[in-house]
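Notes for the one structure printed next.
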Amino acid sequence: MTAFASDFMRIIHERGFVDACTHAEELDALLNREVVTAYIGYDCTARSLHVGSLVSIMLLRWLQKTGHRPLVLMGGGTTRIGDPTGRDDMRKLLTDDEIAANMAGIQSVFAKYLTFGDGPTDARMVNNADWLDGLAYIPFLRDYGRHFSINRMLTFDSVRMRLERETHMSFLEFNYMILQAYDFLELNRRDGVRLQMGGADQWGNIVNGVELGRRCDGVSLYGLTVPLITSASGAKMGKSAQGAVWLNAEQLAPYDFWQFWRNTEDADVGRFLRLFTELPLDEIARLEALGGAEINEAKKVLAHEATALAHGEAAALAAAETARAVFEQGGVGEDLPTVTVPAAELAAGVPAPTLFTRAGLTASNGEAKRLIKGGGARLNDAVVDDIGRLVTDADLSGGELKLSAGRKHHALVRVEG
RNA sequence: GGAGGGGUGGUCGAGUGGUUAAAGGCACCGGACUGUAAAUCCGGCGGGGAAACCCUACGUUGGUUCGAAUCCAACCCCCUCCA
């Protein structure tokens, strides 16, 4: 591989961020010469982002750290149409208010990773609804449609696969790549954006934007994609027991976020350290080389670094402390999920299954009972073997008690009143 | 507009009148083994109930039947081919 002159290109190649790149040498030279504005587009279909987007977020962070300007493009315009590939999701068209709320939530996530502002390398967020909503069909077709060759578009993977499998593809979907290409052109005109980045699945769309820029305005635009991250055992990354691994504290507690990284598969540790932390490569090499149980130390480092980025140093330390108390000492920690029950209720006795469900460890009483029957439920570390077990204030120690579902999921119950 | 195929539990996918809360796979949860790992093995996997049992569920709404995810009708949606 070529030796890159720009910090950005060198670092992201070394760390495994690059799946594909257009004109890497030219881009490298450009990055070495001037401050480059680059963008990645995100849908605003949810209040937050999850770890599936984290690779690209880290990519923008590196961009900024190496002296360039990141731009976050929110798909406010495209979100309004609804993603045609999501069958059931098609119907729930989001209202403008919902989209605005989602954008605000996503911005708060980005605020942890990027510095926003008006300075030359400060990040900014833009919404493609600003220009897509007002497009007039005929002028748009005449000005831009002429530059798209159907013959060419049919050769793109996303389209070709659909055609080969003879599955339906709507005109709307077919237009997606055109709209996305237009976004790139528009951003170049508005903000001088030169580079679009995104997931590997976006390659075709990005290339279309690059070509549209050349055809319409004679500008050189660049594209770069990051690989789809799967775990070593092949699973798509980002699922936890509770569901998606969200990046905001409201939807996933920092402690659970920490636990997610702590439970990384051995084979993924090195790769994840390179992608999701900013530790020096030689340090990562050292951690990665740890064998056997020692690799757990590397996982703790990974958990700490990733959590510190998302939630701050203090939250990461608190999560680590709770994990240490719970797993290494069998005790309890402040960060465990906590529920309170009225003193009177506890005095009267609460059925164990009810308490497990209320603590969020099980989704229903039935599930709680199954958990107990399966021997996975514990109260203050003692196995609960009777689904009729009443929990009373006699079970309290130090004003609280610990419930456990399996070895990894714990919650605290406290009394109130 | 015409002809044909299809909509099943988180997902994929069987089932074509009753023992079907609905095979099997995946995902997920618990147990064993470990290192809060992987792999493997075991168990579980709609809700309520201590249990008997009750309720909800196979696109929607009606109907036939002692009884329907399964048959009929209308409607909605998806797909393939033709115009």
Side-chain angles (χ1 to χ4, degrees), chain A residues 82 84-92 162-173 230-245 255-273 287-304 307 319-333 335-336 349-354 356-357 359-379 381 383-390 403-411:
Chain A
T85 53
R87 252 195 208 162
D88 294 338
D89 298 339
M90 269 183 78
R91 281 168 209 149
K92 55 172 183 188
R162 300 285 281 274
L163 292 176
E164 279 171 4
R165 286 166 50 209
E166 295 195 334
T167 52
H168 169 81
M169 179 169 199
S170 73
F171 188 61
L172 178 64
E173 274 177 286
T230 54
S231 76
S233 49
K236 208 178 260 182
M237 199 181 156
K239 292 288 181 190
S240 76
Q242 328 304 338
V245 180
Y255 169 74
D256 291 316
F257 190 76
W258 194 95
Q259 280 293 320
F260 168 75
W261 296 104
R262 174 63 184 80
N263 285 299
T264 297
E265 295 173 28
D266 287 9
D268 289 326
V269 171
R271 193 161 52 109
F272 284 7
L273 280 167
L287 290 167
E288 190 177 16
L290 293 172
E294 283 190 344
I295 199 155
N296 284 329
E297 292 310 311
K299 293 183 188 180
K300 287 181 198 170
V301 173
L302 171 62
H304 176 80
T307 307
E321 176 51 31
T322 290
R324 195 187 62 76
V326 171
F327 288 98
E328 293 175 23
Q329 300 183 331
V332 298
D335 269 13
L336 288 179
V350 181
T354 305
F356 272 87
T357 300
L361 292 173
T362 49
S364 67
N365 279 358
E367 189 179 316
K369 288 169 194 166
R370 277 179 240 126
L371 178 73
I372 291 169
K373 284 176 187 164
R378 275 167 294 136
L379 167 61
D381 297 312
V383 172
V384 179
D385 49 15
D386 173 16
I387 62 177
R389 168 76 148 87
L390 278 184
L403 299 180
S404 309
R407 300 183 62 78
K408 289 187 191 174
H409 300 116
H410 311 274

Using the [atom1] atoms only, state how far [M] lies from [N], rounded to an integer number of Å.
N      : M      : atom1 : result
B:rC79 : B:rG9  : C1'   : 23 Å
B:rA57 : B:rG2  : P     : 34 Å
B:rG46 : B:rU40 : P     : 24 Å
B:rG17 : B:rG43 : C1'   : 34 Å
B:rU36 : B:rC29 : C1'   : 16 Å
B:rC12 : B:rG62 : P     : 28 Å
B:rC78 : B:rC54 : P     : 40 Å
B:rG59 : B:rG6  : C1'   : 11 Å

Review item, side-chain donor-acceptor pairs of residues 359-366 of chain A, under 3.5 Å, at least two apart:
residue, atom, partner, partner atom, Å
A:T362, OG1, A:T357, N, 3.3
A:T362, OG1, A:T357, OG1, 3.0
A:S364, OG, A:E367, N, 3.1
A:N365, OD1, A:T357, OG1, 3.3

How long is the line joining [atom1] of [X] and [atom2] of [N], in whole Å?
X      : N      : atom1 : atom2 : answer
A:D335 : B:rU36 : CG    : C1'   : 16 Å
A:R370 : B:rC28 : CZ    : P     : 17 Å
A:K408 : B:rC29 : NZ    : P     : 9 Å
A:K300 : B:rU36 : NZ    : C1'   : 10 Å
A:F260 : B:rA37 : CZ    : C1'   : 14 Å
A:N263 : B:rU36 : CG    : P     : 10 Å
A:L371 : B:rC29 : CG    : C1'   : 8 Å
A:L361 : B:rG30 : CG    : P     : 10 Å

Categorize [X] for me: base, sugar-phosphate, or nothing, with a 4.0 angstrom heavy-atom threshold over every strand shown.
X      : value
A:E367 : nothing
A:R262 : base
A:A323 : base
A:G366 : sugar-phosphate
A:T264 : sugar-phosphate

Going from [atom1] on [X] to [atom2] on [Y], what distance comes out if it is rounded to the nearest 0.5 angstrom?
X      : Y      : atom1 : atom2 : result
A:T307 : A:Y255 : OG1   : OH    : 11.5 Å
A:H409 : A:L403 : NE2   : CG    : 14.0 Å
A:E265 : A:F272 : CD    : CZ    : 7.5 Å
A:K369 : A:D386 : NZ    : CG    : 11.5 Å
A:I372 : A:I387 : CD1   : CD1   : 7.0 Å

No-hydrogen, no-angle side-chain donor-acceptor test under 3.5 Å, A:N263 and A:K408: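 Side chains of A:N263 and A:K408: pair found under 3.5 Å.
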Structure string for RNA chain B in dot-bracket form, Watson-Crick and G-U at under 3.5 Å, | interchain: ((((((((.[[[..)..(.....]]].(((((.......))))).(((....)))...[[[[[..)....]]]]]))))))).
Min side-chain heavy-atom separation A:L290-A:E297 under 4.5 Å: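 SC-SC contact between A:L290 and A:E297 confirmed.
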Beyond-backbone contact of A:W261 with A:H304, side-chain heavy atoms, under 4.5 angstrom: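 A:W261 vs A:H304: side chains apart.
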Any N/O donor-acceptor pair, A:N365 side-chain to B:rG47 base, under 3.5 Å: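 Checked by distance alone, the answer is no.
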So, is [X] close to the [N] phosphate, meaning a side-chain N or O under 4.0 Å from OP1 or OP2?
X      : N      : result
A:H409 : B:rG30 : yes
A:R407 : B:rC33 : no
A:K369 : B:rC29 : no

Pairwise 5' ranking along RNA chain B for A:S364 and A:G406, keeping only the more 5' one: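 Between the two, 5'-proximity favours A:G406.
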